[in-house]
2 protein chains.
Amino acid sequence: MFSIDDIREAVKRKSMLIIVGRCRVEYEGRAASHLGEGERLVIIKEDGSILVHRPVGYEPVNWNPPNSKLDISEEDGELVITSMRSGERLEIRLSEIKHFASFDLVDDAEFEMYASEAEMKKAVLADPSLIEDGFKPVEDERQAFGSGRIDIFGVDLSGRFVIVELKRKEANTQDINQLLSYVESLERELGSRPRAIIAAPSISRQATKIVAQAGVEFRCLTPRRCMEVLRRKKGLDAFLKER
Amino acid sequence: MFSIDDIREAVKRKSMLIIVGRCRVEYEGRAASHLGEGERLVIIKEDGSILVHRPVGYEPVNWNPPNSKLDISEEDGELVITSMRSGERLEIRLSEIKHFASFDLVDDAEFEMYASEAEMKKAVLADPSLIEDGFKPVEDERQAFGSGRIDIFGVDLSGRFVIVELKRKEANTQDINQLLSYVESLERELGSRPRAIIAAPSISRQATKIVAQAGVEFRCLTPRRCMEVLRRKKGLDAFLKER
DNA sequence: CCTTCCGTTAGGCTC
DNA sequence: GAGCCTAGCGGAAGG
């Protein structure tokens, strides 16, 4: 079996702890919550993050992020785990522990993610014709005109300014509003209204209406297409380097 | 020890599985990712959700939501867990298993959350003076004017329309833009510009500028204050019922 | 630090 | 099912 000292020892050693048991959970901080008695999985990680998982659902029912401070105690025969963080307090009272284990895990691997919006941006900068022929991104891309950051800012064949908003999935009304706030901000700044292009794999029907009404243009652009462009470019770079 | 059949059996029994071991993870679906070899915690829940947790961080590095389909197999001496879902595939290849356990957890408790935006809305409907004296929410509150849903729609003392946007934490520029899109949509619909009020515990400096420029009004309203109003109202209801 | 915005966001609610 | 919004969102990136 194990004692409260085993748990304290594991916490101090900065191991990952797994506790399965019957518990109640109270949270108070940015909001507040109460969870009555039931059987759950509690995970405590070496960075001070803590998760309470119910038997179903993707999300933890309660948690505290990394760098929370732990306190382990015993009260009325219950194991009490308290996780504290500026302004937030999570208390888990375990009346019965079905399982306890601790591990010192080694995990240095890189996590690589593909098909993100950042990759779409790279692809458009590498091949601006993905937006339209003659589109030229403006070199200095750190454009923060009062209200937010523009994904890509450039000029079209006729020299007119173009704001491009990228989305890796279907564009919705919120996305169009975001783009329009950039347009208006930039219009005030430059005196003329720039073109606005939303580039996404698809667009919601509702958003289509706003797009039509506000003169925004839609370009179909998928993350997959962008990955292909980047792969081709990478291949070309390698080829040029070899020569 | 345990065999692959133990794991299959636990999955079939719809238990919660906990596996700690050395693994690689591939994901392909809405995006794609690759995670090289390292030691992690894998959780499989009875509803088909699956989580891969690294030794640090609040979030799982890879996952699949509830109702994913599981396949357990053995390849090249590795335990291969595949989780599939419409258009998404998660593959975990375990080269070494340090720990395996399964549990049939019982958890029927209610989870109660307080201080949500929904509660703020209830409080304002119960006591509209939280917005201002004479404010009257319009009964028919299902207001979806082309672009999104308005939190609370009403009239002020002078009979002018008022749009109220509630936020449980500091209001930012995005929130103001959202409110303004409602204002403009409604202005087109009604012919006159309604008042716009953002009710939140605080407002960011950036948002303050837009508020001033666009004629939006800010009302300080905290979730805590709303909870007190609701508690008082509940108390009153109970008192009236007792008589 | 503040601000902004992405995310395999998830999850819920409404039409 | 489609669309929209909240979340104790978390996390990263930029100023």
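Remember, predicted model here, so these are calculated numbers, not experimental data. Every chain is numbered from 1, with letters handed out A, B, ... down the list of sequences.
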Trainee: Between P on C/dC13 and CE on B/Met113, what's the gap in Å once rounded to a whole number?
Mentor: 13 Å
Trainee: Nearest to the A/Gln206 side chain among C/dC5, D/dG3, C/dA10, which nucleotide is it?
Mentor: D/dG3
Trainee: Would you check if there is a donor-acceptor pair between the side chains of A/Ser204 and A/Glu170 at a distance under 3.5 Å?
Mentor: no
Trainee: For A/Asn62 and D/dG10, give me the distance from atom CG to atom C1', rounded to whole Å.
Mentor: 16 Å
Trainee: Could you state the atom-to-atom distance from CD1 of A/Ile150 to C1' of C/dC6 in whole Å?
Mentor: 17 Å
Trainee: Among residues 43-56 of chain A, which ones have heavy-atom contacts with DNA chain C below 4.0 Å?
Mentor: none
Trainee: Going by side-chain contact (heavy atoms from CB on, under 4.5 Å), name the residues that satisfy it together with B/Lys209, two or more places apart in sequence or in a different chain.
Mentor: B/Gln206
Trainee: Would you indicate, yes or no, if C/dA10 has its OP1 or OP2 atom less than 4.0 angstrom from a side-chain nitrogen or oxygen of B/Trp63?
Mentor: yes
Trainee: Hey, is the side chain of B/Lys167 poking within less than 4.0 Å of OP1 or OP2 on D/dT6, counting only N and O atoms?
Mentor: yes
Trainee: Respond yes when some side-chain nitrogen or oxygen of B/Arg85 is under 4.0 Å from OP1 or OP2 of C/dA10, and no when none is.
Mentor: no
Trainee: In this structure, how many angstroms lie between the C1' atom of D/dT6 and the CD1 atom of B/Ile152, rounded?
Mentor: 15 Å
Trainee: Of the nucleotides D/dA13, D/dG10, C/dG7, which one has an atom closest to the side chain of A/Glu117?
Mentor: C/dG7
Trainee: Give A/Val61 one of three labels, base, sugar-phosphate or nothing, depending on what nucleic acid heavy atoms sit under 4.0 Å from its own.
Mentor: nothing
Trainee: Could you tell me how far D/dG8 sits from C/dC5 if I compare only their P atoms? Round to whole Å.
Mentor: 22 Å
Trainee: Would you classify B/Asn64 as touching base, sugar-phosphate or nothing, given that sugar-phosphate means primed atoms plus P, OP1 and OP2, and contacts are heavy atoms under 4.0 Å?
Mentor: nothing
Trainee: Does the side chain of B/Ser116 get closer than 4.0 angstrom to OP1 or OP2 of D/dG8 through an N or O atom?
Mentor: no
Trainee: Report the residue (B/Glu165 or A/Pro66) whose heavy-atom-nearest nucleotide on DNA chain D is the more 5′ of the two.
Mentor: B/Glu165
Trainee: Under 30°, 30 to 60°, or over 60°: which ring-plane class applies to A/His53 and B/His53, parallel, tilted or perpendicular?
Mentor: perpendicular
Trainee: Between atom NZ in B/Lys121 and atom C1' in C/dG12, what is the gap in whole Å?
Mentor: 14 Å
Trainee: Just to confirm, is there a sub-4.0 Å distance from OP1 or OP2 of D/dC4 to any side-chain nitrogen or oxygen of A/Thr173?
Mentor: yes
Trainee: Is there a donor-acceptor contact under 3.5 Å linking the side chains of A/Tyr114 and B/Glu28?
Mentor: no
Trainee: Picking from D/dA13, D/dG11, D/dA7, which would you name as closest to the side chain of A/Arg149?
Mentor: D/dA13
Trainee: Using modelled atom types and a 3.5 Å cut-off, is there a donor and acceptor pairing between side-chain atoms of B/Gln178 and backbone atoms of B/Gln174?
Mentor: no
Trainee: Looking at D/dC9, I'd like to know if its phosphate oxygens (OP1 or OP2) sit under 4.0 Å from a side-chain N or O belonging to B/Lys169.
Mentor: yes
Trainee: Touch check for A/Glu170, heavy atoms < 4.0 angstrom, all strands: base, sugar-phosphate only, or nothing?
Mentor: sugar-phosphate
Trainee: Between P on C/dT8 and CE on A/Met120, what's the gap in Å once rounded to a whole number?
Mentor: 14 Å
Trainee: Establish whether the base of D/dG10 is bridged to the side chain of B/Tyr58 by a donor-acceptor pair shorter than 3.5 Å.
Mentor: no
Trainee: Do side-chain atoms of B/Glu26 reach the backbone of B/Glu91 as a donor and acceptor pair under 3.5 angstrom?
Mentor: no
Trainee: For D/dC9, does either OP1 or OP2 sit under 4.0 Å from a side-chain N or O belonging to B/Arg168?
Mentor: yes
Trainee: Has B/Tyr182 got a side-chain N or O lying under 4.0 Å from the OP1 or OP2 atom of D/dC5?
Mentor: yes
Trainee: Of the options D/dG11, C/dT3, D/dC5, whose atoms approach the side-chain atoms of A/Gln174 most closely?
Mentor: D/dC5
Trainee: Can a side chain N or O of A/Arg205 be found less than 4.0 Å away from OP1 or OP2 on C/dC15?
Mentor: no
Trainee: What's the closest nucleotide to the B/Gln178 side chain, out of C/dT3, D/dC5, D/dG3?
Mentor: D/dC5
Trainee: For the pair B/Asp107 and A/Arg40, find out whether any cationic side-chain nitrogen is under 4.0 Å from an anionic carboxylate oxygen.
Mentor: yes
Trainee: With the threshold set at 4.0 Å, does a side-chain nitrogen-carboxylate oxygen contact exist between B/Arg193 and B/Glu187?
Mentor: yes
Trainee: In chain order, what residues pass the ring pair (Phe, Tyr, Trp, His ring centres under 6.0 Å) check against B/Phe218, with sequence neighbours excluded?
Mentor: none
Trainee: When you measure from the side chain of A/Leu90, which nucleotide among C/dT3, D/dG8, C/dT8 comes out closest?
Mentor: D/dG8
Trainee: Closest nucleotide of DNA chain D for A/Ser33 versus for A/Ser204: which of these residues is on the 5' side?
Mentor: A/Ser204
Trainee: May I ask you to decide if B/Ala109's main-chain N or O and A/Arg54's side chain share a donor-acceptor pair within less than 3.5 Å?
Mentor: yes
Trainee: On DNA chain C, does the nearest nucleotide to B/Asn172 precede the nearest nucleotide to A/Gly57 from the 5' side, or the other way round? Give the residue.
Mentor: B/Asn172
Trainee: Round to the nearest Å and state the distance from A/Ile203 atom CD1 to D/dG3 atom P.
Mentor: 10 Å
Trainee: Could you tell me the separation between the CG atom of B/Asp151 and the C1' atom of D/dC5, rounded to a whole number of Å?
Mentor: 9 Å
